[in-house]
**Q** 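Quick one: structure below, then a few questions.
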Amino acid sequence: MSDVRVRIAPSPTGPLHIGTARTALFNYLFARNQGGVFILRLEDTDAVRSSIAFEKDIVDGLHWLGLTWDEGPDVAGGPDHGPYGPYRQMKRLPLYEEAAARLRAADQAYPCYCTPEELDAVRRRQEAAHEPPRYNRRCALLTPAQRAAFEAEGRRPALRFRVAEGLISFDDMIRGRVEIDTANIGGDFIIVRADGTPLYHFTVVVDDAAMKISHVIRGEDHLSNTPKHILLFRALGEPEPHFGHLPLILNPDRTKMSKRKSQTAIADYIEQGFVREALVNYLALLGWSTGTEEEVLSLPELVERFDIRHVQKAGAVFDRERLEWLNGQWIRRLPPEELIDRLRTFLEAELEAGGIDRMPSDGELKALLPVIQERLPTLGAIGDLIGFLFVDRLEIDPSLFPTKRWDLATTREALVAAREVIAAVGEVSFEADELEPPLRRLADERGWKAGDLFMAIRVAVTGRTATPPLFDTLVALGYERTLERLDRALEASNQEAPR
RNA sequence: GCCCCCAUCGUCUAGAGGCCUAGGACGCCACCCUUUCAAGGUGGAGAUCAGGGGUUCGAAUCCCCUUGGGGGCACCA
């Protein structure tokens, strides 16, 4: 085993985001490719916004994607495992307190009595003067007496980290050498709130150090924050990890992907019937490529080929069409039993929503599978595809009758004739191969185009113009119901246009 | 505003100085297959490699500038 240790550190302040999922995936691919360790750590120090429901969404979502981690919590709200626990920041408070005390004792951090309102006013003034927002260091050199005076006022101090002057540089695994002057990072920053809870930039460093994280792979939005982290690692006397900043996932307008402009919750993709194989495959190829022309790759294949040096530097627009194409690819690759298994949830939802009146049996699904597997862009499309087979009473949109190329009289005449032919085939030999020849013959005899006849039957028995192949559909419907629906369509069309 | 990052078809990308008349995929268009819809097959349109300067015998590839885009600058993560 290598000494590679990477982590995904989501905060349970929202549902699992597509960007978080991709960052998790890249960390996972890197760890597995290198024979390293992949860790899940929950950054829940924002007590106001964090919730167990979001934690569940995140943990479940990562599991759903098929990612496995070696250390951390396995279940929302449940225990965690691993030699560097606990893996929830709110349970690591003593660690941060200890680290903060050390920085405080070494005067690398100092208490700041400025109120949020005061800081806001300063920031506003700087903005108005076109100056970069930056802490004015009012509390940086307070005397004990001044501190006592603030305390007497009842002010509770936050703890601020002293930012040293100088140039910070590091070799980003994706971007190469990056240099940032600490004069440009906004001045001394707060590491512990007035209420004693620690802040992100601080906890992330304390934990990455404590958990011996070797490579920090995260989104590019953290690139500018990296000097803060490096400064903290140094102040704490800890070795710096390697950093790698992934390109951002973008909205169609090329801004950072957001809930407002894109669908960002993994749960929504799951609910719409995207399969994990496709989502993983797609996300891996957003910002990375194998360097070959391979496109459809499983998680193990991705692990095998992953190379962080081939990760793109520029942001990547999320292309839902391409995801859907990949989803179709993977649905077609699923073993039949597996597909049926995954379809069940979606059929149940369809039943729940009243789209169908009964659940198809496994046998029925299995028989239908060959014609639906290549027609499903998402699992959620199943109701649309075959729902008409499982409704008790079919409603036909009157605008579909007569069919496009025929008038009502011809349509009705055709249905009457087709009903006779189908009835003559009989229940025993009700098979696709038995149905097609006589119906073709019928069209021939009457001088109709077979396609027009088939369309009339299709609309009559399914209520739709696009369906799986007609004869398979009729067989799935069954002898009795096919005749019944033909009769009803004839009745309905009669009422529509009485002659 | 300041700092940082980035820049190849509409989109995701291949490209590590000559293999590039820039390749693939999605999407789009046409044709084939075909009872509809898909799937599949074949072909096509689509990028003067953001622009301009260098370096070099030779640049999409290296350097600089410009332009454009993005991100960061919280007692959020």
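So you know, we letter chains A, B, ... as the sequences are listed, proteins then strands, and number each from 1. Computation of the quantities below employed the complete heavy-atom set of this structure, encompassing side-chain atoms and omitting hydrogens, waters and symmetry-equivalent molecules.
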**Q** Can you tell me the Watson-Crick or wobble partner of B:A38, both distances under 3.5 angstrom?
**A**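 WC or wobble partner does not exist here.
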
**Q** Which comes earlier along RNA chain B counting from the 5' end, the contact point of A:G291 or that of A:F454, where each point is its nearest nucleotide?
**A**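 Closer to the 5' end of RNA chain B: A:G291.
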
**Q** Taking any heavy-atom pair under 4.0 Å as a contact, classify A:P469: base, sugar-phosphate, or nothing.
**A**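 Contact class for A:P469: base.
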
**Q** Give the rounded distance in Å between these two atoms: CD of A:E324 and C1' of B:A38.
**A**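 To the nearest whole Å, that distance equals 14 Å.
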
**Q** Write down the distance between CD (A:E165) and P (B:C3), rounded to a whole number of angstrom.
**A**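 Those two atoms, CD and P, are 17 Å apart.
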
**Q** Can you name the closest pair of heavy atoms from A:E43 and A:P12 and give their distance?
**A**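 Taking every non-hydrogen atom into account, O-CD, 3.5 Å.
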
**Q** Write down the distance separating the P atoms in B:C4 and B:U11, rounded off to the nearest Å.
**A**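 It works out to 27 Å between them.
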
**Q** Is it true that the NZ or CZ of A:R276 lies under 6.0 Å from the centre of A:F274's six-membered ring and within 45 degrees of the ring axis?
**A**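 Verdict for A:F274: no cation-pi partner in A:R276.
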
**Q** Remember a base hit wins even if backbone is also touched, and classify A:H310 as base, sugar-phosphate or nothing at under 4.0 Å, heavy atoms.
**A**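 Base contact.
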
**Q** I'd like to compare against my own output: the B/S/- annotation of nucleotides 20-30 of chain B with a strict under-4.0 Å heavy-atom distance to protein.
**A** ---SBBSS---

**Q** Partner of B:G1 by Watson-Crick or G-U wobble geometry, both contacts under 3.5 Å, or none?
**A**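 Base-paired to B:C73.
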
**Q** Looking only at atom C1', what distance separates B:G24 and B:G15, rounded to whole Å?
**A**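 To the nearest whole Å, 12 Å.
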
**Q** Please give, in whole Å, the distance from B:U13 C1' to A:Y282 OH?
**A**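 That distance rounds to 11 Å.
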
**Q** Looking at A:N251 and A:K256, would you say the former's side chain and the latter's main chain have a donor-acceptor pair under 3.5 Å?
**A**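 Here the side-chain-to-backbone pair exists.
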
**Q** Please give the distance between the C1' atoms of B:A22 and B:A14 as a whole number of Å.
**A**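 The same atom, C1', in both gives a distance of 9 Å.
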
**Q** Taking B:A30 as the reference, what is the distance to B:G71 when you measure between their P atoms (whole Å, please)?
**A**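 Pairwise P distance, B:G71 against B:A30, rounds to 38 Å.
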
**Q** Is there a Watson-Crick or G-U wobble partner for B:C57 with both distances under 3.5 Å, and if so, which one is it?
**A**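 The base-pairing partner of B:C57, which may sit in any strand shown, is B:G18.
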
**Q** Just call it for A:P377: base, sugar-phosphate, or nothing, with non-hydrogen atoms closer than 4.0 Å on any strand.
**A**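 No contact.
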
**Q** How many whole angstroms separate atom CG of A:N251 from atom C1' of B:C12?
**A**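 Atom CG in A:N251 sits about 16 Å away from atom C1' in B:C12.
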
**Q** Does A:R458 contact B:U35 through a side-chain donor or acceptor facing the base, at a distance under 3.5 Å?
**A**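 Such a pair is found, so the answer is yes.
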
**Q** Could you state the CZ-C1' distance from A:R441 to B:U35, rounded to the nearest angstrom?
**A**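 Result: 17 Å.
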
**Q** Between A:E374 and A:T290, which has a closest nucleotide on RNA chain B that is more 5'?
**A**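 The answer here is A:T290.
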
**Q** Select base, sugar-phosphate, or nothing to describe what A:Q312 touches, counting heavy atoms under 4.0 Å on all strands.
**A**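 Counting heavy atoms under 4.0 Å across all strands, the contact made by A:Q312 is with sugar-phosphate only.
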
**Q** Round to a whole Å and report the spacing from CG of A:L385 to P of B:U36.
**A**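 That distance rounds to 16 Å.
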
**Q** Using ring centroids (six-membered ring only for Trp), state whether A:F202 and A:F189 fall under 6.0 Å.
**A**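 Judged by ring-centre distance (under 6.0 Å), A:F189 and A:F202 do not meet the cut-off.
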
**Q** Rounding to the closest angstrom, what is the interatomic distance between B:G23 and B:U48 at atom P?
**A**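 That atom pair is separated by 13 Å.
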
**Q** When the distance from CD1 of A:I180 to C1' of B:C2 is rounded to whole Å, what number comes out?
**A**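 It works out to 13 Å between those atoms.
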
**Q** Applying the Watson-Crick and G-U wobble criteria at under 3.5 Å, what pairs with B:C28? Answer none if nothing qualifies.
**A**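 Across any shown strand, B:C28 pairs with B:G44.
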
**Q** Do A:F170 and A:H229 make the cut of ring centroids closer than 6.0 angstrom?
**A**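 Centroid distance A:F170-A:H229: not below 6.0 Å, so no.
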
**Q** Taking the same atom, C1', in B:C6 and in B:A50, what whole-Å distance lies between them?
**A**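 My reading of the C1' atoms in B:C6 and B:A50 gives 12 Å.
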
**Q** B:C63 C1' sits how many Å from A:R177 CZ, rounded?
**A**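 Interatomic distance, CZ of A:R177 to C1' of B:C63: 18 Å.
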
**Q** When the aromatic ring centroids of A:F306 and A:W288 are compared, is their separation below 6.0 Å?
**A**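 When the ring centroids of A:F306 and A:W288 are compared, they turn out to be within the sub-6.0 Å range.
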
**Q** Identify the heavy atoms of A:T23 and A:I217 that sit nearest to each other, and give their distance.
**A**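 Shortest heavy-atom separation between A:T23 and A:I217 comes out as CG2-O, 3.6 Å.
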
**Q** Taking only N and O in the side chain of A:R332, is any of them less than 4.0 Å away from OP1 or OP2 of B:A38?
**A**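 No.
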
**Q** Using the ring of A:Y135 (Phe, Tyr or Trp, six-membered ring only), decide whether A:R160 places NZ or CZ under 6.0 Å from its centre and within 45 degrees of its axis.
**A**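 Pair A:R160/A:Y135 counts as cation-pi.
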
**Q** Between B:U61 and B:A7, how far is it from one P atom to the other, in whole Å?
**A**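 Approximately 11 Å lies between the P atom of B:U61 and that of B:A7.
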
**Q** Have a look at A:F471 and say if it touches a base, only the backbone sugar-phosphate, or nothing, with a 4.0 Å heavy-atom cut-off.
**A**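 It contacts base atoms.
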
**Q** In whole Å, measure the gap between the C1' atoms of B:U21 and B:C9 for me.
**A**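 It works out to 16 Å between them.
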
**Q** How close do A:R342 and A:V275 get, counting heavy atoms only, and between which atoms?
**A**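 Minimum heavy-atom contact is NH1-CB, 3.6 Å.
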
**Q** Ignoring hydrogens and angles, does a donor from either the side chain of A:R375 or the base of B:C37 sit under 3.5 Å from an acceptor on the other?
**A**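 Side chain to base: pair found, below 3.5 Å.
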
**Q** Tell me if the CD atom of A:E165 is crowded by more than 12 foreign heavy atoms within 6.0 Å.
**A**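 No, the 6.0 Å shell around CD holds no more than 12 heavy atoms from other groups.
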
**Q** Can you build the contact string for nucleotides 64-77 of chain B? Use B for base contact, S for sugar-phosphate-only contact, and - for no protein heavy atom under 4.0 Å.
**A** ------BBSBSBBB

**Q** Touch check for A:G328, heavy atoms < 4.0 angstrom, all strands: base, sugar-phosphate only, or nothing?
**A**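 Result for A:G328 = nothing.
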
**Q** Is A:E127 atom CD crowded by more than 12 heavy atoms from other residues, nucleotides or ligands, each under 6.0 Å away?
**A**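 Not buried by this count: 12 neighbours or fewer within 6.0 Å.
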
**Q** Does NZ or CZ of A:K228 fall inside the cone over A:F161's six-membered ring, less than 6.0 Å from its centre and within 45° of the axis?
**A**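 A:K228 over A:F161 ring: no.
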
**Q** Is A:T467 near enough to B:C37 that one of its side-chain N or O atoms lies under 4.0 angstrom from OP1 or OP2?
**A**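 For A:T467, the contact criterion (side-chain N or O under 4.0 Å from OP1 or OP2 of B:C37) is not met.
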
**Q** Identify the nucleotide, in any strand shown, that forms a Watson-Crick or G-U wobble pair with B:A7, with both distances under 3.5 Å; if there is none, say none.
**A**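 Answer to the pairing question: B:U67, which forms a Watson-Crick or G-U pair with B:A7.
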
